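As a basis for the values below, the full set of heavy atoms in this structure was taken, side chains included, without hydrogen atoms, waters or symmetry mates. Just so it is clear, the structure is predicted and the values come from calculations on it, not from any experiment.
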Amino acid sequence: MSTLLSAQSIRVETAFGPLFSDLSFTLKKGDRLGLIGDNGCGKSTLLKVLDGTISPLSGMVTQAHHCLLARVEQHLPDELLSMTLLDAVLAQLPSAERETQRWRAESLLATMGLNEQEIALTAATLSGGQHTRLLLARALIREPDLLLLDEPGNHLDLPTLLWLEQFLQSWSGSFVMVSHDAALLDAVTNGTWILRDHTLHGFALPCTLARKALEERDESDALRHKAEQKEIDRVTASAKRLATWGRVYDNEDLARKAKQMARQVDRLKASQTELTDGSQWRLALHGEPLAADRLLEMENLAVSPAPGLPALFRIPLARLKSGDRVAVLGRNGCGKSSLLRLIWQVYHQPEHDALRLHPRLHAGYYDQSLHQLPDESTLFDALEPFAPAPGDRKMALISAGFAFSRHGQRVATLSGGERSRLLFVGLSLARFNLLMLDEPTNHLDMAGKEALAQALTQFSGGVLLVSHDRQLISQSCNRFWLVEDGELSEWHDADAVFARLRERAGSPVAAVNTQSCAAAAPDDDDALLERLIDLETRLEEDLARKEKHQKPHLQAQWRDEIARHHHHVVGRVF
């Protein structure tokens, strides 16, 4: 495989020390890599180094002459917000080419699942899912060989996230993608980079298997470190004994041997296997079960975004009791967060005929905007509503990784991840009967998500969870409420709900290949034939794999496109 990009000994530092140092690697055609690591380790910075936005302190990045690289932006430039989607895509091309390439931009946006009405929208009015599709189209119109994607699934609803997964599976180019979504990475990557302890660990494995391989390496390193330390301790003790004898008996030979052994200890320490610092995340949610047949009951409840506005959806009948961990699923804007806000309002002002709460209910709420934590409060004071006892707050902060010296720090100075962690500390201290969590993973890395999933499974109260994280939902929830077509319905199998959402999201066209978009020009027979051969080759290769490794949904897409291209080519020939 041809090399697209290589890096030699790159190093980047911040005011607080090195982010990473001495990173060397090669990216080849066909690489589809996930870049993972804890918050703040430098993943986004590494992408910016690769595309030249940031220059490393030392080392160099070399891009092959034949490689066109594109980074999928996280945010549209302000000057594009007043443009239509079509014009925002064409803005990536030289002015002289825009008119002749308009058809290709329209075709590409259609491939993204955007219809004619959506293409005419201005960029400032887009939903999260439309925004992501536009950003992808802006990168793909340049026909890149290598895509750099920085958390493209952030803030997407589950249907759009499933669409993104299918898109990346269908796209034939190479990419490096930063993400904390293990399910997405497992589905679309063939390799993983783990950025940890200022260095890069590479595996030719998808995310879950790569993390397991790194854990096994850590265990092996720990055993090796222990054996090395045992030898260091033995030689150190011998050196001390010889040095003592040399002084007692005034024996220069013994003293010289003691110094030799001391130098041997220095060499052993210098070459000793290094151990990882590991993840600093610690989370425990301590709930109090309420001995009652229900914590809340909703019957013929209309959920609207605010009083006086039309209802987004209705709930015929739904109940929740201690031990229930309910995931509320559906598209963005369907009313999931509005439901949690309504319950929270009724909890403070319990006057609602269609929504009844247990009179002794003690509820906690994780608002995705994190507004429960006042900006001007110190970390210590921000926890007072959750735990009045100063000693409890102090120990909880330290256990969560906030050193005592930081307890007087203002909440406003925290990063999103730290602010999220602080709110979880408060939720844990209060011992609630019911937890309502609105998108709690937006600021969490993989270690944080796993800690949250484990904590929720052990939480003895009730849980209402709004999330688009499939792994968190599957691991921690035992009931599923789907908001669809203006009504809430109950499901009992997570995979069935995901399949339903995938079906409603629609599938991207199989030809989400930038080269194939260009090849679809009206009179380019050679390009159509080339695409047809490419599709048939992919289908043959996938059918040749073991059945458990095949991708039937892609096979179906490829067959459909083969049939369309075959009909088109035959029509031209005859």
Side-chain angles (χ1 to χ4, degrees), residues 32-36 43-44 47 70-76 85 88-89 108-115 118-119 123 126-141 144 146-192 206-208 329-334 439 441-442 446 449 467-474 495 497-514 516-517 551 553-554 557:
R32 302 161 66 84
L33 304 177
L35 174 56
I36 65 176
K43 302 182 297 296
S44 297
L47 290 192
R71 182 156 65 97
V72 177
E73 309 144 293
Q74 282 194 313
H75 306 286
L76 278 173
L85 273 64
V89 172
L108 182 57
L109 285 166
T111 297
M112 296 287 115
L114 296 165
N115 57 41
E118 290 173 312
I119 290 173
L126 300 182
S127 68
Q130 292 168 330
H131 187 261
T132 296
R133 297 176 198 224
L134 173 59
L135 293 175
L136 280 169
R138 277 174 53 80
L140 295 177
I141 192 68
L146 176 63
L147 270 181
L148 304 180
L149 303 106
D150 193 357
E151 299 200 47
N154 242 11
H155 306 293
L156 295 186
D157 60 14
L158 188 50
T160 308
L161 193 59
L162 293 168
W163 174 90
L164 177 64
E165 177 182 300
Q166 291 178 293
F167 168 85
L168 290 172
Q169 286 174 333
S170 302
W171 191 61
S172 63
S174 303
F175 63 78
V176 178
M177 178 169 64
V178 173
S179 178
H180 295 303
D181 189 328
L184 174 64
L185 291 169
D186 283 342
V188 303
T189 61
N190 57 19
T192 303
C207 174
T208 300
L329 306 170
R331 284 185 172 277
N332 277 348
C334 70
E439 299 288 1
T441 63
N442 279 353
M446 284 189 182
K449 289 181 181 183
S467 178
H468 301 300
D469 190 287
R470 285 169 287 173
Q471 194 164 13
L472 176 64
I473 292 167
S474 299
D495 289 337
V497 183
F498 298 154
R500 173 67 172 176
L501 289 168
R502 184 180 287 110
E503 173 190 330
R504 295 298 294 264
S507 299
V509 179
V512 281
N513 174 341
T514 54
S516 72
C517 289
K551 298 182 174 64
H553 63 286
L554 287 181
Q557 292 175 8

**Q** Write down the atom of Ala137, the atom of Leu109, and the distance for their closest heavy-atom approach.
**A**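 Scanning both residues completely, I find the closest heavy atoms to be CB-CD2, 3.8 Å.
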
**Q** Can you check whether Ile36 reaches Met446 side chain to side chain, under 4.5 Å on heavy atoms?
**A**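 Heavy-atom side-chain distance check passes, below 4.5 Å.
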
**Q** Please evaluate residues Arg331 and Leu501 with respect to the criterion side-chain contact (heavy atoms from CB on, under 4.5 Å), reporting the C-alpha separation (whole Å), side-chain torsions for both, the decisive distance (0.1 Å), and the verdict.
**A** CA-CA 8 Å; Arg331 284 185 172 277; Leu501 289 168; 5.6 Å; no

**Q** Checking Ala183 now: which residues fulfil side chain to side chain contact (heavy atoms under 4.5 Å, CB included) with it, not counting sequence neighbours?
**A**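 Only Asp181, Arg470 meet the side chain to side chain contact (heavy atoms under 4.5 Å, CB included) criterion with Ala183.
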
**Q** For the side chain of Gln166 and the backbone of Trp163, is there at least one donor-acceptor N/O pair under 3.5 Å apart?
**A**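 No, because the side chain of Gln166 does not come within donor-acceptor range (under 3.5 Å) of the backbone of Trp163.
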
**Q** Scan Val178, Thr189, Asn190 and name whichever one has a side-chain contact (heavy atoms from CB on, under 4.5 Å) with Leu33.
**A**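 The single option meeting the side-chain contact (heavy atoms from CB on, under 4.5 Å) with Leu33 is Asn190.
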
**Q** Quick check: closest heavy atoms across Pro206 and Thr192, and the distance to 0.1 Å?
**A**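 Between these two residues, the closest heavy atoms are C-OG1, 3.3 Å.
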
**Q** What's the separation between atom CZ in Phe498 and atom CG in Leu329, rounded to the nearest 0.5 Å?
**A**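 It is 6.5 Å, given to the nearest 0.5 Å.
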
**Q** Does Trp171 have Arg32 sitting over its ring (NZ/CZ under 6.0 Å from centre, angle to axis within 45°)?
**A**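 Verdict for Trp171: no cation-pi partner in Arg32.
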
**Q** Please find the pair of heavy atoms, one from Gly330 and one from His468, that lie closest to each other, and give the distance.
**A**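 Minimum heavy-atom separation between Gly330 and His468: O-CE1, 3.6 Å.
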
**Q** Does any non-hydrogen side-chain atom of Ser467 lie less than 4.5 Å from one of Thr441?
**A**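 Counting from C-beta outward, Thr441 and Ser467 do come under 4.5 Å.
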
**Q** With rounding to the nearest 0.5 angstrom, report the CG to CG distance, Asp469 to Leu161.
**A**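 Going from CG on Asp469 over to CG on Leu161, the span is 8.5 Å.
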
**Q** So, applying side-chain contact (heavy atoms from CB on, under 4.5 Å) with Leu136, which one of Val89, Leu108, Leu164 is it?
**A**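 Exactly one candidate clears the test, Leu164.
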
**Q** How close do Cys207 and Leu185 get, heavy atom to heavy atom, and via which atoms?
**A**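 Cys207 and Leu185 have their closest heavy atoms at CB-CB, 3.7 Å.
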
**Q** Measure the CD1-CG distance between Ile119 and Leu85 for me, rounded to the nearest 0.5 Å.
**A**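 One gets 7.5 Å once the value is rounded to the nearest 0.5 Å.
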
**Q** Keeping the roles fixed (side chain from Arg138, backbone from Ala88), state whether a donor-acceptor pair exists under 3.5 Å.
**A**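 The answer is yes, because a donor-acceptor pair under 3.5 Å joins these two groups.
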
**Q** Between Ala139 and Leu147, which heavy-atom pair has the shortest distance, and what is it?
**A**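 Between these two residues, the closest heavy atoms are CB-CD2, 3.7 Å.
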
**Q** Look at the side chain of Lys43 and the backbone N and O of Leu35, then say whether any donor-acceptor pair between them is shorter than 3.5 Å.
**A**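 No: the side chain of Lys43 does not pair with the backbone of Leu35.
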
**Q** Give the minimum heavy-atom separation between Leu47 and Leu148, together with the two atoms involved.
**A**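 It is O-CD1, 3.7 Å.
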
**Q** Tell me, do Pro144 and Phe175 make a side-chain contact under 4.5 Å, heavy atoms counted?
**A**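 Answer no - side chains too far apart.
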
**Q** In the structure I gave you, are the side-chain heavy atoms of Leu158 and Leu162 within less than 4.5 Å of one another anywhere?
**A**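 SC-SC contact between Leu158 and Leu162 confirmed.
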
**Q** With the side chain counted from C-beta on, respond yes when Gln471 and Lys449 share a heavy-atom pair under 4.5 Å apart, and no when they do not.
**A**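 Answer no - side chains too far apart.
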
**Q** Do the side chains of Pro152 and Met177 get nearer than 4.5 Å, heavy atoms only?
**A**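 Touching, per the 4.5 Å side-chain cut-off.
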
**Q** With sequence neighbours excluded, what pairs up with Ser44 under the side chain to side chain contact (heavy atoms under 4.5 Å, CB included) test?
**A**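 Here the qualifying residues are Asp150.
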
